[in-house]
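Beneath this line is the structure, given in structure tokens, with notes to follow.
Both counts, for ligands and for their atoms, begin at 1 and track the order of listing. Note that the coordinates shown come from a computational prediction; the quantities given were computed from them, not determined experimentally.
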Amino acid sequence: MQSFYPQKRLLMGPGPSDVHSRILEAMSRPTLGHLDPDFQNLMEEIKSGLKRAYKTKNRMTFPVSAPGSAGMESCFVNLVEEGDRVVVVKNGVFGERMRHNVMRAGGIPIVVDVEWGKAPDLNKIEEILKDNPDASLLAFVHAETSTGVRADAESICRLARNHDCLTIMDAVTSLAGIDLEVDAWGVDAVYSGSQKCLSCTPGLSPVSFSEAALDKIKNRKTLVRSWFLDLTLVMNYWEGDGGRSYHHTAPVNALYGLHESLVMLFEEGLNETIGRHAAVHQQLVAGLDKMGLSLFVDESVRLPQLNTVNVPEGIDEAKVRSRMLSDHGIEIGAGLGPLAGKVWRIGLMGNSARPESVDRCLTALSDSINAVDNQ
Ligand SMILES: *Cc1c(COP(=O)(O)O)cnc(C)c1O
């Protein structure tokens, strides 16, 4: 075998995003023992950094040692008990994944079906909540990466609260890309991913749980169906008081990376980072417009960090993507499910959300479309 040296790509798909050299450098520092006092201090800093990013005081805020899907599973497997009825708002791939999580945790999903590319309809959610007074949880995706749609998270949480439901919110793509206020909106359980707008390497999932969520977990009548994700066990490692005990070996160097990404986030400022995502989105939309390309999602609910671009008539979208990768070293994403073949997904997340990256992407897209068109 030989060492692997990947080519330098510009990652402008649905994630992972471009990882800054500072983060990669941080990850190459010497590995500490996972119970080393110095490492425990780093863990405390990561927890407080995540609280700041999520805008929450929740003491139960930490990164799950696995990708975003594990953060999702952590929320469902801890909060859903046998027979629980869970309202799931589904407007893309990740809502569907939530429905599966509910079933695997022994719950009964009640689906609010929303057309792909549309934002969750508040009236429809309220109707379903009224029709299901015994529902105890409501789950939705803040930023649907499969379509590029933003949900009105604050209003959805208010509706859930008015109907005595705790909320589970997917913030994998939203954290550090658009406004997100866990405490002010009253989100009870939230999960994200390290590789989207935080621009770290993939493999970690920051989660946060409110006191109400912890109460529901404390009052469970049955064991959490996952040993690894059982919050009460994991927290014996992540909680400082009373001394930490071994639960699993933390991915030490990956956590150096997450720590550095948080350092960089607060150096720039959370609001400034969110503003940068909005500004490069406008730049991209203006450039696409000049090329005669349109966006799939209505302007009012578009995510700046994930842009679904309509593929022009008669163009083979896969050929364009492979040209972009081979000739320009740029990765963009394909459409999923009903959008397969119909859209490209251009991610402007974290370190990929730079004016020069947008320029490179627009030039590459234009060249690649012309090349494929003239074949
Ligand atoms: C990427 C993504 C996930 C899954 O995260 P992984 O790290 O790939 O497991 C979940 N939800 C949304 C909205 C995502 O964009």
Could you pull out every N or O of ligand 1 that sits under 3.5 Å from a protein N or O, with the distance for each pair?
{"unit_1": "ligand 1", "atom_1": "7 (O)", "unit_2": "Gly68", "atom_2": "N", "d": "2.9"}
{"unit_1": "ligand 1", "atom_1": "7 (O)", "unit_2": "Gln195", "atom_2": "NE2", "d": "2.7"}
{"unit_1": "ligand 1", "atom_1": "9 (O)", "unit_2": "Gly68", "atom_2": "N", "d": "3.4"}
{"unit_1": "ligand 1", "atom_1": "9 (O)", "unit_2": "Ser69", "atom_2": "N", "d": "2.7"}
{"unit_1": "ligand 1", "atom_1": "9 (O)", "unit_2": "Ser69", "atom_2": "OG", "d": "2.5"}
{"unit_1": "ligand 1", "atom_1": "11 (N)", "unit_2": "Asp170", "atom_2": "OD1", "d": "3.4"}
{"unit_1": "ligand 1", "atom_1": "11 (N)", "unit_2": "Asp170", "atom_2": "OD2", "d": "2.6"}
{"unit_1": "ligand 1", "atom_1": "15 (O)", "unit_2": "Thr145", "atom_2": "OG1", "d": "2.3"}
{"unit_1": "ligand 1", "atom_1": "15 (O)", "unit_2": "Thr173", "atom_2": "OG1", "d": "3.1"}
{"unit_1": "ligand 1", "atom_1": "15 (O)", "unit_2": "Lys196", "atom_2": "NZ", "d": "2.7"}

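- With hydrogens and angles ignored, the 3.5 Å screen pairs no side-chain donor or acceptor of Arg52 with any backbone N or O of Phe266.
- Ring-plane geometry between His34 and Tyr237 is classed as tilted, the angle between the planes lying from 30 to 60 degrees on a 0 to 90 degree scale.
- Side chain of Thr167 to main chain of Asp188: a donor-acceptor pair is present (N/O by atom type, distance under 3.5 Å, no hydrogens or angles).
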For this session: Test Glu25 against Arg22 for salt bridge (charged side-chain N to carboxylate O under 4.0 Å, His left out), laying out the working first.
Result: CA-CA 5 Å; Glu25 191 272 322; Arg22 259 179 75 175; over 6 Å; no

For this session: Take Lys342 and Glu317 through the salt bridge (charged side-chain N to carboxylate O under 4.0 Å, His left out) test and state the conclusion after the steps.
Result: CA-CA 8 Å; Lys342 295 182 180 155; Glu317 73 82 23; over 6 Å; no

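- Salt-bridge annotation for Lys8 and Asp18: present, with a side-chain N of the basic residue lying under 4.0 Å from a carboxylate O of the acidic one.
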